[in-house]
Amino acid sequence: MRLHPAWTCSLLPVLAAPTLAGTFEDLGIPVTKAGNMGILVGPNRDGTRDLVYLNYMQAGAPLFVLSVDPDTGETHQYPAPQETGGWAFVLGPDKKVYVGTFGEGLILRFDPAKPDDNVTIVGKPSPTESYVWQLVLAPDGKLYGCTYPQAKLVSFDPATGKMEDLGRMDPVEMYSRTVAAAPNGKIYTGVGPTRQGLVVYDPQTREHRELLPEKWRINNFIAVQNGADGNVYAGITHPTDDGKTVSETFRLDDETLVPVTAVPGKTLTLRDGREIVGHAEGNKGGSFQVRDPKSGESRTVTFEYKGAGSIIFMVGAGPGESVYGSTAMPLEVFRNDPEHGNEHLGNMPGGEVYS
């Protein structure tokens, strides 16, 4: 917005001070690009074939889920009733799409069999938590989520509708930032950042414990993830006995950390074996490639969506008597020229522009 002041000054400046009157002028929305928070493969309305689903955050309206047909490019946009975004994005055992949000810390659901319902609210799994960072499907058929600001685990059972707050995974840390589920049924989460931790939770005993030695609990985060083989892997930066610091990858064999060279990579795969690769985002949509691993042939699918506006994070005066600014998640740069209006200049790699 730009303020147009109208100053009125008395002819007797000693007796009267200047007063300010003015109005704000709406200069429009400079960036409508939404922030992609996740991509997955799930069933279409009648369950006969697969679609590609994407999860988008935005500031001007609630988040939305987008479905894209990998064969025709047909696209549909499904809005949520509230919440501007969510990092967690997973396909449940009931073949429904779930989103864990930031703001209220809700779990939302999109049912491909009932697309006219759009995205609906399942509930709030913990009264204290405002972020559900990630959700993972465990062997017991439940979804487990890691949270902020009390570093908890939460669960949701799609079969019964029951939600549970499973408690803090660390008595002090605020983030349980990543979560993964092992074939043995145990849940693993990385906590931090003041003293990084790797916590295992056993749904059978409902107990949890820290797996890292005390000297490894440095200022950092640990990322846990499931590999293509279903096992849980953790990337850990830690001090060595000779005073150095190294970064290593470990496989979790129950509660034992086994050093490995790499994590078996996961690929988004359609039920017919074709792979979704090369996902890229543009100003009003995006694209991905559908690759046939047998023939090696690939085809690009493009899609568009209607964005409501991104967060304006920073503005400042710049060349040409213009105002320059940036948005956050996604990080885009724009300019407002008093004569020509807004111009979206494009993407700037990184996190956020602070000055």
Side-chain angles (χ1 to χ4, degrees), residues 37-38 86-90 100-102 105 125-126 128-136 138 143-155 165-203 205-227 229-266 329 350-352:
M37 310 299 282
W87 293 93
F89 195 47
V90 68
T101 75
F102 52 78
S126 170
T128 66
E129 303 306 274
S130 57
Y131 276 54
V132 178
W133 282 109
Q134 289 187 350
L135 289 167
V136 66
L143 300 179
Y144 289 84
C146 52
T147 72
Y148 165 90
Q150 293 191 15
K152 291 183 174 182
L153 276 183
V154 296
S155 69
D165 180 337
L166 304 175
R168 296 195 69 137
M169 296 297 105
D170 186 280
V172 178
E173 295 303 314
M174 299 176 69
Y175 293 81
S176 54
R177 184 62 183 84
T178 54
V179 65
N184 64 5
K186 292 183 178 181
I187 311 300
Y188 301 81
T189 184
V191 303
T194 306
R195 296 175 70 246
Q196 69 178 3
L198 177 57
V199 179
V200 58
Y201 174 84
D202 188 338
T205 64
R206 301 177 70 87
E207 296 177 345
H208 69 275
R209 76 181 192 91
E210 175 61 56
L211 298 180
L212 290 190
E214 183 61 29
K215 65 181 180 181
W216 282 22
R217 300 205 64 187
I218 61 175
N219 188 324
N220 205 1
F221 268 125
I222 289 174
V224 297
Q225 62 177 304
N226 284 102
D229 58 1
N231 290 315
V232 175
Y233 294 83
I236 305 176
T237 299
H238 64 87
T240 60
D241 292 337
D242 58 4
K244 297 180 180 179
T245 300
V246 298
S247 296
E248 293 186 279
T249 302
F250 298 87
R251 185 182 67 246
L252 277 297
D253 285 358
D254 194 20
E255 299 184 9
T256 301
L257 278 68
V258 180
V260 295
T261 57
V263 178
K266 298 172 69 175
M329 294 193 299
E352 293 153 358

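The shown structure was predicted, so the numbers you read here are calculated from the model rather than taken from an experiment.
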A.B. asks: Contact between Asn226 and Lys266 at the side-chain level, heavy atoms closer than 4.5 Å - yes or no?
C.D. replies: yes

A.B. asks: Does a salt bridge link Arg168 with Asp170, judged by any charged N lying under 4.0 Å from a carboxylate O?
C.D. replies: no

A.B. asks: Can you tell me how far the CD atom of Gln134 sits from the CZ atom of Phe89, to the nearest 0.5 Å?
C.D. replies: 13.5 Å

A.B. asks: Please check if atom CG in Asp242 has more than 12 non-hydrogen atoms from other residues, nucleotides or ligands closer than 6.0 Å.
C.D. replies: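 Counting other residues, nucleotides and ligands, CG of Asp242 exceeds 12 neighbours.
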
A.B. asks: Shortest non-hydrogen contact from Pro125 to Gly105?
C.D. replies: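 Distance-wise, the nearest heavy atoms are CD-O, 3.3 Å.
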
A.B. asks: Measure the shortest side-chain to side-chain distance between Glu129 and Pro149 over non-hydrogen atoms and say whether it is less than 4.5 angstrom.
C.D. replies: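 Answer yes - side chains close enough.
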
A.B. asks: Applying salt bridge (Lys or Arg N to Asp or Glu O under 4.0 Å), run through Glu255 and Lys186 and close with a yes or a no.
C.D. replies: CA-CA 9 Å; Glu255 299 184 9; Lys186 292 183 178 181; 3.1 Å; yes

A.B. asks: Answer yes if the ring centres of Phe221 and Tyr175 are under 6.0 angstrom apart, and no otherwise.
C.D. replies: yes

A.B. asks: Any donor-acceptor pair under 3.5 Å linking the side-chain atoms of Lys152 with those of Thr128?
C.D. replies: yes

A.B. asks: Measure across Ala234 and Leu252 and return the closest heavy-atom pair with its distance rounded to 0.1 Å.
C.D. replies: CB-CD2, 3.9 Å

A.B. asks: CD1/Ile187 to SG/Cys146 distance, rounded to the nearest 0.5 angstrom?
C.D. replies: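 Answer for the CD1-SG pair, Ile187 versus Cys146, is 11.0 Å.
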
A.B. asks: Apply side-chain contact (heavy atoms from CB on, under 4.5 Å) to Tyr201 and Glu207, showing your working.
C.D. replies: CA-CA 6 Å; Tyr201 174 84; Glu207 296 177 345; over 6 Å; no

A.B. asks: Side-chain contact test, heavy atoms from C-beta onward, threshold under 4.5 Å: evaluate it for Asn231 versus Tyr233 and give yes or no.
C.D. replies: yes

A.B. asks: Rounded to the nearest 0.5 Å, how far does OG1 of Thr245 lie from NE2 of His238?
C.D. replies: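 With rounding to 0.5 Å, NE2 (His238) is 9.0 Å from OG1 (Thr245).
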
A.B. asks: Considering only heavy atoms from C-beta outward, does the side chain of Val232 approach that of Gln225 to under 4.5 Å?
C.D. replies: no

A.B. asks: Hey, are the side chains of Gln196 and Ile236 touching, using non-hydrogen atoms and a 4.5 Å cut-off?
C.D. replies: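 Yes; the side chains approach each other to less than 4.5 Å.
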
A.B. asks: Give me the atom names and distance for the closest heavy-atom approach of Ala180 to Val224.
C.D. replies: N-CG2, 3.9 Å

A.B. asks: Using only atom types and a distance under 3.5 Å, with no angle test, would you say the side chain of Thr178 pairs donor to acceptor with the backbone of Ile222?
C.D. replies: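 Here the side-chain-to-backbone pair exists.
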
A.B. asks: Using every non-hydrogen atom in the two residues, find where Pro193 and Asn219 come nearest and quote the distance to one decimal.
C.D. replies: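 For Pro193 versus Asn219, the nearest heavy atoms are O-OD1, 3.1 Å.
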
A.B. asks: Rounded to the nearest 0.5 Å, what's the gap from OG1 on Thr101 to CH2 on Trp133? Could you check?
C.D. replies: 11.5 Å

A.B. asks: Would you say the side-chain atoms of Glu173 pair up with the backbone N or O of Arg195, donor to acceptor, closer than 3.5 Å?
C.D. replies: yes

A.B. asks: Validate the cation-pi geometry between Arg177 and Trp87: distance from NZ or CZ to the six-membered ring centre under 6.0 Å, angle to the ring axis within 45°.
C.D. replies: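 Yes.
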
A.B. asks: So do the side chains of Tyr148 and Ser130 get within less than 4.5 Å of each other, counting heavy atoms only?
C.D. replies: yes

A.B. asks: We want to know whether Asp254 and Thr256 form a side-chain donor-acceptor pair, criterion being a heavy-atom distance below 3.5 angstrom.
C.D. replies: no

A.B. asks: Check whether any side-chain heavy atom of Val199 sits under 4.5 Å from a side-chain heavy atom of Leu211, and report yes or no.
C.D. replies: no

A.B. asks: Using the rule given for side-chain contact (heavy atoms from CB on, under 4.5 Å), can you reason through Leu257 versus Trp216, listing the C-alpha separation, both sets of side-chain angles and the distance that settles it, and then say yes or no?
C.D. replies: CA-CA 13 Å; Leu257 278 68; Trp216 282 22; 4.3 Å; yes

A.B. asks: Which value, rounded to the nearest 0.5 Å, describes the distance between His208 atom NE2 and Ser176 atom OG?
C.D. replies: 10.5 Å

A.B. asks: Looking at OG1 of Thr194 and CZ of Arg217, how far apart are the two atoms once the value is rounded to the nearest 0.5 Å?
C.D. replies: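 Answer for the OG1-CZ pair, Thr194 versus Arg217, is 10.0 Å.
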
A.B. asks: Scan Val179, Thr189, Thr147, Leu198 and name whichever one has a side-chain contact (heavy atoms from CB on, under 4.5 Å) with Met169.
C.D. replies: Thr189

A.B. asks: Provide the closest heavy-atom pair for Leu166 versus Val154 in the form atom of the first, atom of the second, distance.
C.D. replies: CD1-C, 4.2 Å

